[in-house]
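To keep things clear, I will list the structure first and then write my remarks on it.
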2 protein chains.
Amino acid sequence: MIAKTPEPPYYAVVFTSVRTGADAAAYALAAARMVELAAAQPGFLCVEHAGEDEAITVSYWTDLAAIAAWKAQGEHLAAQTAGKDRWYAAFALRIARVEKAYGFTA
Amino acid sequence: MIAKTPEPPYYAVVFTSVRTGADAAAYALAAARMVELAAAQPGFLCVEHAGEDEAITVSYWTDLAAIAAWKAQGEHLAAQTAGKDRWYAAFALRIARVEKAYGFTA
């Protein structure tokens with residue numbers, strides 16, 4: 001759940017989403033496939049996810065060029081279209097440069 | 001759920017957490033109180049949350065000084081101590097400068 005990331009700076013894509021609930025089986029398949037594809041992209045670091053119908057997914061990347069390449073990836077483009085057409089009632093996406101990070105383990 | 005934020009730049013605090021499950025009633029009270037207190041801090045913009053025992057909370061702030069002031073707030077310091085002592089098995093906190101943002105509503 002908690003991603004291991006390198007020392008900053010690196011980049012975070014914070015994707016906050018509200019699902020329509022439609023087409024749930026296809027959504028689940030596509031979501032798993034997108035994680036698999038993203039992880040194979042150059043510059044991918046890791047991903048964290050929480051929630052269900054209301055969810056936050058944060059993916060971490062080495063740089064902005066890696067994020068732009070992932071946004072333009074073919075199968076991902078098709079998923080983005082399906083997302084707007086069927087799966088998401090609303091979402092927000094924010095691209096942010098991580099400047100400081102720390103963690104805790106009990 | 002999806003926070004309204006101004007045009008970038010602004011700052012995000014991405015708090016990813018895994019709960020111990022201990023002391024759940026006190027945790028719920030403290031979590032609600034922290035949202036109330038944070039919202040009253042100078043420079044607070046808004047907050048998004050998803051998940052339960054594994055959760056991601058993203059709070060948005062105007063600048064780094066506002067984030068530092070919130071970290072040092074008295075009642076919040078006490079909650080941070082309780083969090084490490086009882087509530088969290090692990091967490092990661094990342095402070096990031098939002099450079100680009102967009103959204104979608106069906």
Side-chain angles (χ1 to χ4, degrees), chain A residues 1-22 45-61 63-64 67-68 71 80-81 83-106, chain B residues 1-22 45-61 63-64 67-68 71 80-81 83-106:
Chain A
M1 164 62 179
I2 294 182
K4 289 195 199 319
T5 38
E7 284 298 301
Y10 52 90
Y11 280 82
V13 178
V14 181
F15 182 72
T16 306
S17 59
V18 179
R19 297 259 299 283
T20 59
L45 294 172
C46 49
V47 63
E48 295 172 339
H49 177 84
E52 297 291 336
D53 289 350
E54 299 190 342
I56 300 176
T57 303
V58 188
S59 59
Y60 299 98
W61 303 84
D63 55 66
L64 289 172
I67 294 169
K71 186 175 197 299
Q80 290 171 53
T81 299
K84 289 184 176 178
D85 287 350
R86 297 194 295 279
W87 298 328
Y88 294 121
F91 66 72
L93 187 147
R94 297 179 178 91
I95 299 175
R97 182 179 187 270
V98 178
E99 300 185 347
K100 186 176 178 182
Y102 58 90
F104 165 79
T105 304
Chain B
M1 165 60 180
I2 295 184
K4 288 194 199 320
T5 39
E7 284 298 300
Y10 52 90
Y11 279 82
V13 178
V14 181
F15 181 72
T16 305
S17 59
V18 179
R19 296 259 300 282
T20 58
L45 294 172
C46 49
V47 64
E48 295 172 340
H49 177 83
E52 297 290 336
D53 289 351
E54 298 190 343
I56 300 176
T57 302
V58 188
S59 59
Y60 299 98
W61 302 82
D63 55 65
L64 290 172
I67 294 169
K71 186 175 197 298
Q80 289 170 54
T81 299
K84 290 185 178 178
D85 286 351
R86 298 194 294 280
W87 298 328
Y88 294 120
F91 67 72
L93 187 146
R94 297 178 178 92
I95 299 174
R97 182 180 187 271
V98 179
E99 299 185 348
K100 187 176 179 182
Y102 57 90
F104 165 79
T105 304

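Here is how names work: the chains are called A, B, and so on, in the same order as the sequence lines, proteins then strands, and each is numbered from 1.
- Note that the OG1 atom of A/Thr105 and the OH atom of B/Tyr88 stand 14.0 Å from one another [nearest 0.5 Å].
- Sorted by first and then second residue, the salt bridge (charged side-chain N to carboxylate O under 4.0 Å, His left out) pairs with a member in residues 8-17 of chain A form an empty list; sequence neighbours excluded.
- B/Lys100 is not listed as a side-chain neighbour of A/Leu64, based on a closest heavy-atom distance of 4.5 Å or more.
- Taking B/Ala90, B/Gly103, B/Ala106 one by one and counting their heavy-atom pairs under 4.5 Å with chain A, the maximum is reached by B/Ala90.
- Side-chain contact between B/Val58 and A/Thr16 is absent, with no heavy atoms from C-beta onward closer than 4.5 Å.
- Residue B/Thr20 does not touch chain A at all, counting heavy-atom pairs closer than 4.5 Å.
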Quiz: residues 5-15 of chain B side-chain donor-acceptor pairs under 3.5 angstrom, not counting sequence neighbours:
unit_1: B/Thr5; atom_1: OG1; unit_2: A/Arg94; atom_2: NE; d: 3.3
unit_1: B/Thr5; atom_1: OG1; unit_2: A/Arg94; atom_2: NH2; d: 2.9
unit_1: B/Thr5; atom_1: OG1; unit_2: B/Tyr10; atom_2: OH; d: 3.0
unit_1: B/Tyr10; atom_1: OH; unit_2: A/Arg94; atom_2: NE; d: 2.9

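- In terms of heavy-atom proximity, B/Ala92 sits nearest to A/Ile2 at CB-CG2, 3.7 Å.
- Between atom CD1 of residue A/Ile95 and atom CZ of residue B/Arg97 there is a gap of 13.5 Å, rounded to the nearest 0.5 Å.
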